[in-house]
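If you read the sequence from its start, that first residue is 1, and numbering goes on from there.
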Amino acid sequence: MRQEQFVARHQAEWEAFEQWLQRRGGGPGRSRTAGTGAVPDEEMPARYRRLCQQLALARRRGYSPPLVERLQQLMQGGHAVLYRAPPPRWKRALEFLVAGFPQLVRQQAGVMWASTALFALPLVGLFALLQWKPELVHHVLDPMTLAQMERMYDPADPRQALGRDSGSDWQMFGHYVMNNISIGLRTFAGGLLAGVGTIVVLIANGVTIGAVAGHLQAIGSGDPFWRFVAGHAALELTAIVIAGGAGLRLGLDLVAPGRRRRRDALVQAGRIGARLCLGVAVMLLLAAFVEAFWSSTQSIPAWIKFSVAGLLWLAVLGWLWRGGHGRAAEDADAA
């Protein structure tokens with residue numbers, strides 16, 4: 001086979017391999033066409049083996065040195081990318097949290113918005129309703145819970161630690177971790193009940209939080225309550241919504257798998273949900289830390305707490321909106 005025919009037959013394959021190398025950091029530079037016609041990672045080992053065969057043929061047939069040199073560079077670049085040591089686990093975990101997790105949340109935008117509505121609408125609606133008719137709280141919360149909340153956030157009792165009855169910071173940190181993680185797991189696992197369990201947990205949490213906040217605001221205990229919850233609300237509430245979205249994804253794929261087998265759809269949704277829950281667990285862990293060591297500190301002025309809370313909301317929403325923006329979708333899957 002003449003060189004011209006050899007090049008014409010394999011040119012497109014070489015260009016695709018070169019673009020893959022540039023995306024993976026193994027090429028000499030980023031071309032204008034990098035990222036177009038992306039080749040899946042799982043095809044690259046076979047393409048690399050064909051490239052090695054083509055290089056051997058070019059050498060045996062005595063093709064021109066520029067062609068042999070080009071194939072040699074592609075072969076060396078492919079070897080460097082395919083056989084290099086994987087990044088450390090901590091680095092992969094950090095890359096997933098910074099970029100892969102928010103990218104995955106955006107990919108599941110439909111169920112995330114549904115989860116937001118199921119959680120936020122009962123919360124806001126009940127809070128507003130209790131400002132109009134405070135007595136309705138007795139239809140939602142039992143007297144013991146109401147008495148406990150009123151005691152914990154009593155502005156006239158300086159002996160009370162803000163937002164809790166007793167316990168050191170580290171003791172409460174452990175308590176908050178267990179409580180937050182259990183809520184997140186229940187919210188996600190409820191998707192196995194065709195999504196109904198997740199819907200119930202989201203609505204119930206929204207109703208409970210809205211009832212507590214509305215009641216305390218109505219009786220004049222809103223100031224200590226808001227100073228306590230403001231710090232960790234961004235992380236904790238957002239994590240619950242994301243866990244709810246993961247549970248809804250599980251339920252939808254279980255009920256309506258489409259052309260896939262139900263088992264395959266459930267496995268795929270479970271993988272997505274498991275990765276979402278990893279990010280949710282980190283968010284809830286951070287929320288517990290803030291709740292134990294910052295939220296319950298009485299000596300911090302309210303304006304500082306509310307300012308920090310605003311910054312945290314901006315940080316969390318900005319991270320979920322822009323984190324990993326511009327990266328290829330397969331980077332998020334590989335994180």
Enquirer: Run the side chain to side chain donor-acceptor pair (under 3.5 Å) test against R261 and tell me which residues pass, sequence neighbours left out.
Expert: D264
Enquirer: Side-chain heavy atoms nearer than 4.5 Å, only ILVMFWY residues, links allowed to pass through others: does that put V241 and L237 together?
Expert: yes
Enquirer: Test Q298 against R227 for side-chain hydrogen bond (donor to acceptor under 3.5 Å, both in side chains), laying out the working first.
Expert: CA-CA 9 Å; Q298 293 177 305; R227 283 193 289 119; over 6 Å; no
Enquirer: Go through the steps for F173 and L285 under the test side-chain contact (heavy atoms from CB on, under 4.5 Å), then give the verdict.
Expert: CA-CA 9 Å; F173 174 62; L285 183 65; 3.9 Å; yes
Enquirer: Going by heavy atoms in the side chains, are V81 and W20 under 4.5 Å from each other?
Expert: yes
Enquirer: Please tabulate, one pair per line, all N/O donor-acceptor pairs under 3.5 Å involving side-chain atoms of residues 192-210, not counting sequence neighbours.
Expert:
residue	atom	partner	partner atom	Å
T198	OG1	T187	O	2.7
T198	OG1	G191	N	2.8
N205	ND2	V201	O	2.8
T208	OG1	A204	O	2.9

Enquirer: Grouping I, L, V, M, F, W and Y whenever their side-chain heavy atoms are under 4.5 Å apart, do L21 and M44 come out in a common cluster?
Expert: yes
Enquirer: Output all residues satisfying salt bridge (Lys or Arg N to Asp or Glu O under 4.0 Å) with R50, sequence neighbours left out; order by chain, then residue number.
Expert: E13
Enquirer: Examine I183 and L250 and state if one hydrophobic cluster contains both, with Ile, Leu, Val, Met, Phe, Trp and Tyr joined whenever side-chain heavy atoms are less than 4.5 Å apart.
Expert: no
Enquirer: Could you measure the distance from the CD atom of Q53 to the CG atom of L71? Nearest 0.5 Å is fine.
Expert: 12.5 Å
Enquirer: Minimum heavy-atom separation for G324 and A99, please, with both atom names.
Expert: CA-CB, 3.4 Å
Enquirer: Between K305 and S295 (side chain of the first, backbone of the second, donor and acceptor by atom type, cut-off under 3.5 Å), is there such a pair?
Expert: yes
Enquirer: Can you confirm whether the side chains of R61 and Q3 place a donor and an acceptor under 3.5 Å from each other?
Expert: no
Enquirer: R47 and A16: which non-hydrogen atoms are nearest, and at how many Å?
Expert: NH1-CB, 4.0 Å
Enquirer: What are the two closest heavy atoms between G184 and A243, and how far apart are they?
Expert: O-CB, 3.7 Å
Enquirer: Applying side chain to side chain donor-acceptor pair (under 3.5 Å) as the test, list every pair that has at least one member in residues 65-79; sequence neighbours left out.
Expert: Q11-R70, R59-Q72
Enquirer: Within the 4.5 Å heavy-atom criterion, are V280 and F188 side-chain neighbours or not?
Expert: no
Enquirer: For a quick test of reading the model, state the closest non-hydrogen atom pair linking P45 to L82 and the distance between them.
Expert: CA-CD1, 4.4 Å
Enquirer: Check whether any side-chain heavy atom of V308 lies under 4.5 Å from a side-chain heavy atom of W303, and answer yes or no.
Expert: no
Enquirer: Taking all heavy atoms of F96 and all of G279, pick out the closest pair and write down the distance.
Expert: CE2-N, 4.4 Å
Enquirer: Are I272 and V267 connected, step by step, through hydrophobic side chains (Ile, Leu, Val, Met, Phe, Trp, Tyr) whose heavy atoms are closer than 4.5 Å?
Expert: no
Enquirer: Please answer whether the main-chain N or O of F293 pairs with a side-chain N or O of T297 as donor and acceptor at a distance below 3.5 Å.
Expert: yes
Enquirer: What ring pair (Phe, Tyr, Trp, His ring centres under 6.0 Å) pairs are there with at least one residue in residues 234-285, not counting sequence neighbours?
Expert: none
Enquirer: Is any side-chain heavy atom of Y48 closer than 4.5 Å to a side-chain heavy atom of L74?
Expert: no
Enquirer: For V111 versus Q108, what's the shortest heavy-atom pair and its separation?
Expert: CG2-O, 3.2 Å
Enquirer: Are F101 and V282 packed together at the side-chain level, in the sense that at least one heavy-atom pair is separated by less than 4.5 angstrom?
Expert: no
Enquirer: Pairs in or reaching into residues 191-210: which pass ring pair (Phe, Tyr, Trp, His ring centres under 6.0 Å), with residues at least two apart or in two chains?
Expert: none
Enquirer: Set out, in order, the CA-CA distance, both residues' side-chain angles and the distance that settles side-chain contact (heavy atoms from CB on, under 4.5 Å) for V177 and F289, then state yes or no.
Expert: CA-CA 8 Å; V177 168; F289 185 85; over 6 Å; no
Enquirer: Would you say M149 and L146 make side-chain contact, with heavy atoms under 4.5 Å?
Expert: no
Enquirer: If I take atom CE from residue M152 and atom CZ from residue F225, how far apart are they, to the nearest 0.5 angstrom?
Expert: 10.0 Å
Enquirer: Sequence neighbours left out, what pairs pass ring pair (Phe, Tyr, Trp, His ring centres under 6.0 Å) with at least one residue falling in residues 231-282?
Expert: F228-H232
Enquirer: Could you grab the distance from atom CG of L286 to atom CE of M283, nearest 0.5 Å is fine?
Expert: 8.5 Å
Enquirer: Is there a side-chain hydrogen bond (donor to acceptor under 3.5 Å, both in side chains) between E291 and S296 once you walk through the steps?
Expert: CA-CA 7 Å; E291 190 171 2; S296 58; over 6 Å; no
Enquirer: With a 3.5 Å cut-off and sequence neighbours excluded, list the donor-acceptor pairs that the side chains of residues 121-140 form with protein atoms.
Expert:
residue	atom	partner	partner atom	Å
Q131	NE2	F127	O	3.1
Q131	NE2	G214	O	3.0

Enquirer: Does the side-chain contact (heavy atoms from CB on, under 4.5 Å) test come out yes or no for V7 and E4, once each step is laid out?
Expert: CA-CA 5 Å; V7 172; E4 292 78 8; 6.0 Å; no
Enquirer: I'd like to check the ring pair (Phe, Tyr, Trp, His ring centres under 6.0 Å) partners of Y63; sequence neighbours left out, ordered by chain and number.
Expert: F6
Enquirer: Taking salt bridge (Lys or Arg N to Asp or Glu O under 4.0 Å) as the test, write out the residues that go with R262, two or more places apart.
Expert: none
Enquirer: Can you tell me how far CD1 of I242 sits from CE of M112, rounded to the nearest 0.5 angstrom?
Expert: 6.0 Å
Enquirer: Write out all pairs satisfying salt bridge (Lys or Arg N to Asp or Glu O under 4.0 Å) with one or both partners inside residues 231-252, taking only residues at least two apart or from two chains.
Expert: R249-D253
Enquirer: Check the pair L276, L104 against side-chain contact (heavy atoms from CB on, under 4.5 Å), reporting the backbone distance first and the verdict last.
Expert: CA-CA 7 Å; L276 286 170; L104 188 58; 3.8 Å; yes
Enquirer: For a 4.5 angstrom cut-off between non-hydrogen side-chain atoms, does L118 reach L248?
Expert: yes
Enquirer: Roughly how far apart are D154 CG and L216 CG, rounded to 0.5 Å?
Expert: 10.5 Å
Enquirer: Find out whether S182 and M178 are in side-chain contact, i.e. whether some heavy atom of one side chain is under 4.5 Å from a heavy atom of the other.
Expert: no
Enquirer: Would you be so kind as to tabulate the donor-acceptor pairs closer than 3.5 Å made by side chains of residues 309-323, with sequence neighbours excluded?
Expert:
residue	atom	partner	partner atom	Å
W319	NE1	L97	O	2.9
W319	NE1	V98	O	3.4

Enquirer: Do L266 and V255 share a hydrophobic cluster, counting only Ile, Leu, Val, Met, Phe, Trp and Tyr and linking them when any side-chain heavy atoms are less than 4.5 Å apart?
Expert: no
Enquirer: What's the separation between atom CZ in F17 and atom NE2 in H10, rounded to the nearest 0.5 Å?
Expert: 14.5 Å
